[in-house]
Number of protein chains: 2
Amino acid sequence: MPIVSSKTAPATGFDRHNHRRCIQHGVRFATHACEQAGLQLTPARQRVLEILLSEHRAIGAYDILDRLREDGFNSQPPVAYRALDFLVQYGFAHKIERLNAFVACSMPEIQHAPAFLICRVCSVVAETHPELNRGALGKTARDAGFVMEQCVVEVEGVCPNCR
Amino acid sequence: MPIVSSKTAPATGFDRHNHRRCIQHGVRFATHACEQAGLQLTPARQRVLEILLSEHRAIGAYDILDRLREDGFNSQPPVAYRALDFLVQYGFAHKIERLNAFVACSMPEIQHAPAFLICRVCSVVAETHPELNRGALGKTARDAGFVMEQCVVEVEGVCPNCR
DNA sequence: GCGTAGATGTTATACTATATCATCTATGAA
DNA sequence: TTCATAGATGATATAGTATAACATCTACGC
Ligand SMILES: [Zn+2]
Ligand SMILES: [Zn+2]
Ligand SMILES: [Zn+2]
Ligand SMILES: [Zn+2]
């Protein structure tokens, strides 16, 4: 009964789990990190983070805006975009370019360049951190003399629950 | 004087090269491929491909539209988007999600999942084909039971010419 | 002649994101 | 205290990206 030792990162989001913990952890981590760093996790910012944390799916800025409106927040577009900019800038959320939408970070405590596995059936977005510098793409970039700074990696496919 | 044997794909776009050949090759290949496959490379589609081939940079749909207008083509948005949809569908061009813009494919004769190295200084976009299935990301996906279908890989950084 | 499929014409609209300037508040220096 | 500053928010307008919907045209095969 061989134990396969894997050095690769797992994907967070497809497996069953106690999602309340995701939400709690996300909010608590952001709260503490902001205190430490002297950043302001204002009500609107925290509420947007909570909305993003509510599920492992990408949510568009205007959907977020609708939910803010329901909660009594001011709901002009800049409100959502400013909060999202803050959350993305400090690593509490990520933008999914392919979907023009946003997800909460699943591992904000780890410094990472994220990659996403997006199920085209159920829309769940799982996050992982593949260290692309170490693979073939990193070698290609080095050979070309290209300095990698920001990576967008978004894979569309079918998740284990939808097969 | 060791010769380093590399199995990784090179990046096309940063090096000096005879760019006329890129353009000629791109148009000719598309012409022949469309003949073979019974597809119509109509004047608007061919012109959009030529515009994209004119440089190794990403061009937005509305910039393309401006150039079509200069050439006397009808220039409502659907004209550009329809031509782009065609070119992307059959692999003659790619969309860069991060830039909401499009590039001509640098290797249409190869069946490939592309990856892009985007210089944030000069905006040149180099294309490569990294076979992500074979690396850490592929392993993560397999371990998670995720079936990869479409990959978006877009790296922003600084190219060798801008360092 | 006729039906079909693919391409194009045309108009309108939806969706995503940012610019700009005013205002408010907390903080800290003078 | 007074004032300057930085960060956050309010408010309005606009820019930028993409698609829906329906009409028309053309080439092809029957
Ligand atoms: Zn969860
Ligand atoms: Zn993350
Ligand atoms: Zn070239
Ligand atoms: Zn390509």
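In what follows, chains carry the letters A, B, and so on, assigned in the order in which the sequence lines appear, proteins first and then strands, with residues in each chain numbered from 1.
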In short, B:Asp143 meets A:Thr8 closest at the heavy-atom pair OD2-OG1, 3.9 Å
Under a 3.5 Å distance rule, please check whether A:Arg98 uses its side chain to pair with a backbone N or O of B:Val152 as donor and acceptor. no
What's the CD-C1' distance between A:Gln40 and C:dA26, to the nearest Å? 8 Å
Donor-acceptor pair, A:Arg134 side chain versus A:Lys139 backbone, under 3.5 Å? no
Under 4.0 Å: is that the gap between some side-chain N or O of B:Asn74 and OP1 or OP2 of C:dG9? yes
Report yes if some heavy atom in the side chain of A:Phe14 is under 4.5 Å from a heavy atom in the side chain of A:Cys159; otherwise report no. yes
Take nucleotides 14-23 of chain C nucleotide by nucleotide from the 5' end and write B, S or -, depending on whether a protein heavy atom sits under 4.0 Å from the base, only from the sugar-phosphate, or from neither. --BBBBB---
Can you tell me the distance, in whole Å, between the CZ atom of A:Phe73 and the P atom of D:dG10? 10 Å
In whole angstrom, what separates B:Leu65's CG from C:dG9's C1'? 14 Å
From CG of A:Leu39 across to C1' of C:dA26 the rounded distance in Å is 16 Å
Mind running side chain to side chain contact (heavy atoms under 4.5 Å, CB included) on B:Thr31 and B:Glu35 for me, showing each step along the way? CA-CA 6 Å; B:Thr31 302; B:Glu35 279 175 7; 4.1 Å; yes
Is there a donor-acceptor contact under 3.5 Å linking the side chains of B:Glu127 and B:His112? yes
How close or far is atom P of D:dA18 from atom CZ of B:Phe86, stated in whole angstroms? 20 Å
Could you check how far CG of A:Leu41 sits from C1' of D:dG7, rounded to whole Å? 15 Å
Separation of D:dT9 atom C1' from A:Gln46 atom CD, nearest Å, is 17 Å
Which residue lies toward the 5' end of DNA chain C, B:Arg45 or B:Gln76, if each is placed at its nearest nucleotide? B:Arg45
Whole-Å distance between D:dT17 C1' and B:Ile64 CD1? 12 Å
